[in-house]
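Note that this is a predicted model, so its numbers are computed, not measured. Proteins get letters first, then strands, A, B, ... in listed order; numbering begins at 1 in each.
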Amino acid sequence: MKKVYAREDVCIGCRLCEIACIVEHSISKDIIRAFKQEEKRPARNVVEECGPVSFSVHCRHCDEPPCVQVCISGAIVKDPATGIVNHIPEKCVGCWSCVMACPYGVIKRDTDRGKVIKCDLCPDRDLPACVSACPNEALLYEEK
Amino acid sequence: MKSWQYQKDISGCGLSGIINKNGERITGESIICSIACQHDRGNGLGGGFAAYGIYPDFKDHYALHIMADNLDALHAVEGFLNQTVSVVHQEKIPTRPNKYITDPPILRRYFIEPVKEGDRICRWPGLSDDDYIVRVVMNVNRDIKGAYIFSSGKNMGAFKGVGFPEDIADFYRLDEYSGYIWTAHNRFPTNTPGWWGGAHPFTILDWSIVHNGEISSYGINKRYLEMFGYHCTLLTDTEVVAYLLDLIIRRHGLPVELACKVFAPPFWQEIDRMDKEAKRLFTAIRMVYGSGLLNGPFAILFAYNGGLVGLNDRVKLRPLVAAVKGDTVYMASEESAIRAICPDPEKVWAPKAGEPVIVTMDKGASTTKKQARLSPACAGA
Amino acid sequence: MKYVIIGNGVAAIGAVEGIRQTDRQNPITIIAAEPYATYGRPLIANLLRGKIHEADLAYRPEVFYRDNKVTLLLGRTATKIDVAARRALLEDGDKVPYDKLLIATGGKPFIPPIQGKDGPDVYTFTTLDDAKKLDALVGKIKQIVVIGGGLIGLKAAESLHDRGLKVTVVELADRILSTAFDQTAGKIIGNRLAEVGIEVITESSVKEIVRKKDRVKGIILNDGHNRGCEAVVIAIGVIPDKDIVKGTGIETNRGIVVNDYLETSVAGIYAAGDVAEALDLLSGERRVVPIWPNAYNQGQYAGRNMAGARVTYKGGLPMNSIEFYGIPTMSMGMANPADAGYEVITRLIPEKNVYRKLVLKDGILVGAMLIGEVERAGILTGLIRNRVKVNSFKEELMKDTLSLSSLPGEIRAEWLNK
Amino acid sequence: MEINAQGIYYKDLNDIIRKAIRNGEENFILRNVNGQRYIADGISKKISMEVYGVPGQDLGAFMKGPRVVVHGNAQDGVGNTMDVGKIVVEGMAGDVVGYGMRGGRIHIKGDAGYRVGIHMKAYQDKIPVIVIGGKAGDFLGEYMAGGVIILLGMFSQDAAKPIAGIFMGTGMHGGVIYVRGEVDPHQLGFGLIPKELDGEDQKNLKIYLKEYCDDLDIDLRKVLSVPFKKVVPFSHRPYGNMYAY
Amino acid sequence: MLHQPITKNYHDFIIERDPEKCIQCQVCVRQCSYGAHIYNEKDERVTEDEARCVGCHRCEALCPTEALTIRRNPSEFRENALWAPQFIKNIYKQADTGGVLLTGMGNPYPYPVYWDRMVLDASQVTNPSIDPLREPMELRTWLGSKPDAIEVEMKKGKPNLTTQFLPQLQINYPILFSAMSYGSINLNVHVGLARAAEELGILYNTGEGGLHQSLYKYGENTIVQCASGRFGVDSKYLNAGVAIEIKIGQGAKPGIGGHLPGEKIGKEISITRMIPEGSDAISPAPHHDIYSIEDLRQLIYALKEATDYEKPVFVKIAAVHNSAAIASGIARAGADVIAIDGFRGGTGAAPTMIRDNVGIPIELALASVDERLRQEGIRNRVSLLAAGGIRCSADVVKAIALGADAVYIGTAALIAVGCTVCQRCYTGKCPWGIATNDPYLAKRINPDIAHRRLANLVRAWGHEIQEMLGGMGLNAIESLRGNREKLRGVGLNEVELNILGIKHAGA
């Protein structure tokens with residue numbers, strides 16, 4: 001399946017991917033409203049920086065997703081057709097089991113809501129928002 | 001004037017040429033009839049002819065045709081010739097009055113030999129005869145104001161001026177000449193009217209050239225020739241072709257067909273598809289003679305004592321038709337110009353872009369054969 | 001090909017999903033003793049606590065069974081397996097023939113022999129029905145005692161406390177959550193529970209459940225102390241529910257013994273989940289580790305194998321994530337090493353209720369415990385699971401800024417390019 | 001009406017013809033034509049004209065109706081921007097045949113020159129068709145926008161020559177070129193490849209060739225005995241990506 | 001501190017931040033390598049220190065809400081025709097530091113740009129313009145020394161070439177990427193240049209910093225440079241490319257050497273330049289084996305010997321007063337290609353006074369060199385490259401019409417990959433990741449993007465060159481080369497027209 005791959009060698013650590021993610025998952029999908037008027041939600045990727053090294057971590061939508069295995073409420077399911085590991089917030093009870101299980105550490109706790117938040121590969125878009133926002137093509141959306 | 005300030009003149013035109021490979025001489029009527037058929041390709045501002053085999057009595061002497069605006073200029077030329085060459089014979093170029101031909105310059109012809117080294121005075125020792133004559137022509141044309149050598153080959157001559165070609169022919173009494181190669185030109189110049197020297201053909205030694213089209217690469221062709229001592233002073237693009245022929249064929253020794261490939265080389269994509277040897281050769285031609293490429297639309301006929309060549313530019317932006325009947329080959333801008341004097345050719349064809357039609361004299365052909373063939377009735381004009 | 005699954009817990013769902021990875025056609029029958037479609041069993045605490053409704057319990061959407069061509073026999077109990085005839089016998093006499101059978105009966109609560117345990121007002125807390133019964137008590141009683149300070153017990157305690165009952169938890173060990181936690185962690189959570197008003201009594205056990213007119217009135221601890229209460233929840237633990245294999249010749253130990261393909265000693269019969277004794281990743285031994293992810297995973301591997309794929313179960317990793325009154329806690333792998341042959345690194349910030357502990361064996365991370373700070377904890381789980389040597393960067397792992405950039409470049413590159 | 005064109009200047013010849021048409025004349029036979037330009041130029045009536053000899057440049061330019069038959073060769077610019085009508089050439093034709101042609105037919109028995117069918121275009125119900133019985137020069141159908149060119153390669157005076165020159169169909173963005181036999185892909189312009197004909201092609205080709213064969217007394221079966229290839233544009237906007245806005 | 005040094009007061013740029021739009025995302029903070037944007041944790045607000053802004057526009061480009069505008073600081077000195085602000089500011093700087101003023105890129109001063117004083121011709125009626133989209137339009141160019149004539153012998157009726165040629169380089173566009181060393185720019189840019197050159201069928205130039213191991217595979221499209229510092233030069237290097245360029249001078253700093261400070265000599269650069277890590281890389285002003293033209297010949301032939309006469313040798317000089325005579329000497333010394341770099345050529349670092357006051361415009365140098373070589377009849381013997389301030393395809397066409405075989409582009413190539421010509425290359429903090437080897441900044445150049453953009457640029461110019469050629473009725477670049485008929489001057493005086501060898505427009 002197509003996944004978001006991060007190129008560490010050309011990630012410039014600008015974090016525009018996070019901003020794009022937040023905007024895409026906002027109510028208004030308008031950057032200024034999303035940041036200034038809506039409740040702020042975390043981005044669904046994690047940009048890591050360590051000295052000159054930076055890269056963005058994205059849900060791998062694993063073949064055998066540990067998050068799906070541990071989810072006690074059935075809130076995380078892997079769509080057998082698309083391969084996308086989806087999170088259904090209504091079902092999430094905030095047990096954080098998936099946070100514990102995800103080896104990429106890319107499922108975040110949204111403590112305000114008591115639920116986790118994770119990448120959904122932007123179902124409304126051809127290209128995930130983070131990928132199109134990356135100014136340096138450090139994020140690739142492709143089949144490997 | 002700085003050399004770069006010479007400006008080319010541009011023109012569109014009609015052409016015609018005839019060659020008898022066997023050396024049989026043809027009277028001027030044929031070529032006149034043929035070019036007259038293409039009357040509408042010109043505008044009356046230039047016509048001209050080149051004829052080969054017309055001076056059998058002086059066939060080993062360079063025949064200089066000179067036009068001069070005034071006697072001072074003519075005298076200057078004569079003075080220069082006296083210092084540099086020996087004149088064997090000189091005379092007025094015979095003309096007859098024609099109501100359409102006005103203001104002709106003074107026209108003279110001189111049959112000369114270069115002064116050999118060790119003779120009296122030799123201006124430029126070490127040069128071959130041909131190079132010596134080229135030097136003479138270049139010096140006159142560059143340095144003597146108001147005078148111009150417009151023909152300098154052996155046993156051939158160029159005749160040209162301002163007017164429709166049929167009137168120019170009448171003026172020069174070309175019906176009275178006979179030659180085994182004839183070329184003719186009907187000119188449609190666009191920006192320098194009324195300049196006799198600007199009419200075609202252009203010649204150097206026995207190279208003569210008539211041209212339909214425009215040499216867009218003129219600027220570099222001219223600068224290239226200047227590196228080799230040619231001076232393009234005649235305010236027309238066609239002049240460069242004559243000098244390139246002299247440089248590439250006579251001086252560099254390339255065969256005629258390769259000279260044509262300098263003017264209209266194959267495209268790189270064609271070269272890339274050639275076999276190794278040919279690829280090497282054509283790559284070399286383009287690398288070394290890129291400045292000699294004639295770019296822009298052209299159909300040219302060039303003649304020399306040994307033959308007649310027709311050539312198109314490499315994308316065939318100007319027309320050229322050829323036909324054969326017996327020993328005679330015809331080339332013209334339009335088929336009708338050929339049919340006007342040869343209604344039933346054995347073969348008529350349009351040469352491909354960049355592929356020269358080269359007609360050389362048969363071995364053993366005598367170019368002094370006296371019998372003149374009659375021209376057929378002229379249908380066109 | 002007919003697939004039959006006895007039990008309708010998460011292992012059964014895993015099995016259906018496993019089978020359907022390979023075989024999209026052949027029928028599956030699930031025999032479910034409970035009258036409910038599969039629900040998120042741990043969620044009964046949330047239900048009891050009043051945070052969710054019964055409808056929210058469904059583990060898979062309603063269409064799941066239909067979409068997967070599953071016949072669900074609800075409220076039907078399988079009692080026997082006729083190995084020779086290849087069929088499961090139901091309590092009501094029905095026979096369900098199978099080609100491949102999965103035993104996923106799970107566990108049942110362990111009830112110790114406490115005096116007074118039999119009779120009304122004593123509850124367990126493992127099923128939805130249990131939760132419903134306790135829910136019905138709310139408002140009717142004031143005090144309740146929970147026996148067992150493990151996961152189930154504490155969740156029951158928390159839920160009941162939130163519903164207004166006075167709750168006392170009695171734990172035999174020196175700390176709550178003794179299997180997953182160490183003393184430090186236990187203390188942090190114990191304090192937190194005490195803070196909200198849940199009484200936790202450790203190093204103690206219930207000697208007797210005191211009844212009056214058959215109804216529970218209190219308990220007496222083995223040290224003689226007592227507590228008044230109107231009900232008791234026994235939440236000591238669960239044991240494999242393996243009754244069904246009696247007389248089949250299927251090898252059992254504590255649970256039903258299975259091989260690397262989750263197949264029992266009888267060909268064509270598989271077992272998965274809390275009833276199975278399957279491979280444990282870290283120890284390399286077979287044992288019963290009754291945790292949710294293991295059950296799902298085993299079910300899924302069993303299902304894939306049943307459908308003909310030959311896939312090796314790589315073993316389960318014990319792990320738990322629970323939050324107590326705003327303090328998230330996690331423990332993964334061997335968080336409480338058995339002996340001194342392990343390197344243990346800890347960091348404690350008592351005022352923030354933050355505690356972090358890593359357990360290494362020969363430089364390899366084998367266990368971790370996180371209290372308070374749990375962000376990106378899965379990275380540690382991943383390191384444990386992948387047996388990564390972490391000595392050179394273990395200090396990085398101790399930080400709350402735990403990140404993949406702490407990992408050496410090569411490991412990281414491989415990690416992220418999956 | 002029969003006219004001996006020998007020695008008649010083109011303007012005078014065309015004057016005679018135009019006057020006769022105004023007087024209702026519909027059939028012309030021109031004899032001894034040699035180089036007279038603009039014959040049938042701009043004529044908008046359905047006249048018929050037989051030409052003996054070699055007509056000059058721009059035969060039938062801008063014409064809208066006449067049927068012209070040339071019993072011999074034609075020069076350059078045949079059917080320049082023509083609209084309706086037909087030109088049949090029993091011999092060869094020169095360069096730039098059918099430039100910008102919008103409708104009608106040009107049937108040439110023999111070879112044709114360079115840039116034949118350049119920028120011809122179909123419009124509404126008009127579909128211009130050029131059929132060349134011989135071979136063609138370079139740039140056949142260059143930036144063709146519509147219409148049909150059919151190249152047979154059968155009646156050429158040069159057997160050795162390839163059926164067409166190079167850069168065939170360069171910049172083509174409409175229309176179709178049918179070639180009898182094979183086309184070497186290197187002869188085609190950028191982005192083009194020879195393709196097989198479909199049923200619709202076969203049907204149309206037959207209709208066009210039937211008319212051609214009838215005009216020039218050619219055996220249709222023989223023409224159709226060899227399969228054709230077609231060249232069509234790869235895009236209607238072949239240069240759409242070239243510009244930076 | 002209430003008092004501000006005057007240099008801070010008269011900073012060049014102001015940063016306008018629209019508070020309505022700023023979402024405090026701090027992209028600007030992370031992107032500004034000069035620290036002009038600052039995040040104030042306490043106020044949770046981004047603020048700015050405008051004195052640090054160099055006007056590179058990186059923040060503006062990356063700001064997701066277009067909240068930023070970088071403007072020239074309107075704070076002006078009292079108007080003074082003599083004491084223009086830059087002179088005043090420069091004096092402040094030097095009074096502060098006592099140092100030589102340093103700058104980057106090419107001469108920014110308003111000397112006449114002759115490209116903009118020349119116009120091109122087009123065909124109308126008498127010859128057809130050629131449609132380059134559809135008809136062939138050949139840009140293929142060969143660099144190398146050609147004979148004046150070729151010789152053929154007839155073999156089996158076919159002409160066969162007997163002339164032996166010196167090595168020639170085929171390029172598909174008359175555009176090469178000029179020398180920019182690894183060190184002055186980073187490896188990512190080099191990779192982009194190399195790959196683009198490969199795709200386009202042109203050449204890029206290593207500059208004087210050696211050739212990184214990973215780039216040897218692009219040898220077919222590489223010119224290796226041999227400069228006075230001889231960094232990374234060994235026989236493997238000399239044989240790694242298809243040509244060798246001896247750099248005598250550079251248009252931006254004629255007569256001056258180069259200096260890559262030791263702190264920039266990291267591991268990879270050290271290996272590539274073959275010098276120890278951390279030690280200065282100093283390029284002497286002259287080659288100390290070339291004190292005269294005969295010494296140049298000695299080096300040219302030393303290089304030819306070292307490469308078995310298989311590689312054309314380029315000699316690059318800065319355009320200076322006597323370029324024509326110097327070029328003639330270079331041609332006669334055996335160079336195959338002469339590159340002339342005009343004073344608007346760029347550099348990573350140059351003393352400001354040198355950059356802005358030394359050298360001559362490329363247009364004049366090129367015209368005089370081409371004319372001189374023709375007068376001497378040796379134009380065929382060398383190819384001519386023009387460099388230094390080629391900004392667009394029309395500049396290329398004009399350069400070729402003046403007599404160049406091809407051009408070198410440096411600054412234009414860098415602009416293609418993001419450079420905004422802020423002229424601070426010498427700081428090593430290039431916010432666009434170009435003129436820097438800081439690993440944090442260098443990765444801002446994604447070699448894939450650089451490759452694509454460079455290839456796009458040259459292809460686009462190629463199309464435009466073809467359009468212009470076609471318009472002039474030419475379909476092969478060699479018919480343009482030296483064809484000054486195609487140029488006319490506008491607003492030039494007689495002297496300038498004479499040097500350029502062109503007529504005035506209208507004449």
Side-chain angles (χ1 to χ4, degrees), chain A residues 4-56 127-142 144, chain E residues 17-33 37 39 44-46 57-68 186-189 191-192 214 266-268 417-418 429-434 436-453:
Chain A
V4 179
Y5 292 91
R7 285 186 57 187
E8 189 176 313
D9 56 337
V10 290
C11 170
I12 62 174
C14 65
R15 295 178 173 258
L16 284 171
C17 47
E18 294 182 336
I19 294 168
C21 183
I22 290 167
V23 174
E24 176 63 20
H25 294 94
S26 69
I27 299 159
S28 60
K29 300 204 177 192
D30 173 279
I31 183 165
I32 291 172
R33 277 172 207 268
F35 275 80
K36 297 202 162 210
Q37 291 165 17
E38 296 177 28
E39 267 183 86
K40 211 176 155 191
R41 302 263 70 86
R44 290 154 192 246
N45 63 320
V46 180
V47 173
E48 295 198 17
E49 285 180 273
C50 180
V53 176
S54 62
F55 53 89
S56 176
L127 204 58
C130 52
V131 177
S132 35
C134 181
N136 208 32
E137 294 176 20
L139 296 179
L140 307 173
Y141 184 55
E142 56 187 29
K144 259 193 191 171
Chain E
R17 191 185 312 277
D18 182 343
E20 294 292 310
K21 290 181 174 172
C22 178
I23 56 170
Q24 313 298 333
C25 69
Q26 303 163 57
V27 169
C28 49
V29 178
R30 287 187 281 271
Q31 290 300 303
C32 184
S33 51
H37 296 271
Y39 185 64
E44 295 185 339
R45 292 204 78 74
V46 180
H57 297 265
R58 177 79 183 178
C59 54
E60 206 177 343
L62 277 269
C63 174
T65 59
E66 295 169 26
L68 291 169
N186 59 59
L187 188 58
N188 286 346
V189 187
V191 171
S214 66
K267 185 173 162 224
E268 292 295 317
V417 301
K429 291 201 281 194
C430 175
W432 290 89
I434 299 164
T436 175
N437 276 283
D438 175 339
Y440 179 71
L441 298 173
K443 61 184 179 167
R444 293 181 182 187
I445 292 295
N446 178 337
D448 296 345
I449 301 177
H451 162 195
R452 186 173 66 229
R453 295 184 64 83

Heavy atoms of other groups near A/Lys40 NZ, more than 12 under 6.0 Å: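 Not more than 12 within 6.0 Å, no.
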Is the backbone N or O of [Y] less than 3.5 Å from a side-chain atom of [X], with the two atoms forming a donor-acceptor pair by type?
X: E/Gln31; Y: E/Leu62; answer: no
X: A/Ser132; Y: A/Pro128; answer: yes
X: E/Arg444; Y: A/Ile12; answer: no

So which part of [X] gets closer than 4.5 Å to some heavy atom of chain A, the side chain, the backbone, both or neither?
X: E/Gln26; result: neither
X: E/Cys22; result: backbone
X: E/Asp438; result: neither
X: E/Ile445; result: backbone

Would a 4.5 Å heavy-atom cut-off, applied to side chains only, mark E/Pro431 and E/Ser33 as touching?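 Counting from C-beta outward, E/Pro431 and E/Ser33 do come under 4.5 Å.
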Heavy-atom check, side chain of E/Trp432 versus side chain of E/Val417, under 4.5 Å: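 With C-beta onward as the side chain, the pair stays apart.
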Looking at A/Ile22, A/Val53, A/Asn136, which one has more heavy-atom pairs under 4.5 Å with chain E than the rest?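 Among A/Ile22, A/Val53, A/Asn136, the one with the most close pairs to chain E is A/Asn136.
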When heavy-atom pairs shorter than 4.5 Å are enumerated against chain A, which of E/Ile449, E/Asn188, E/Thr65, E/Leu441 gives the highest number?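 Of the options given, most contacts go to E/Ile449.
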Who among E/Ala61, E/Gly433, E/Pro64 has the most heavy-atom pairs with chain A under 4.5 Å?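 Ranked by contacts with chain A, first place is E/Pro64.
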Would you call A/Glu24 and A/Arg44 a salt bridge, using N to O less than 4.0 angstrom?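 Salt bridge: no.
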Non-hydrogen atoms of chain E under 4.5 Å away: do they reach the side chain of A/Glu18, the backbone, both or neither?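 For A/Glu18, no heavy atom lies under 4.5 Å from chain E.
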So what's closer than 4.5 Å to chain E heavy atoms on A/Ile32: side chain, backbone, both or neither?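 Both parts, backbone and side chain.
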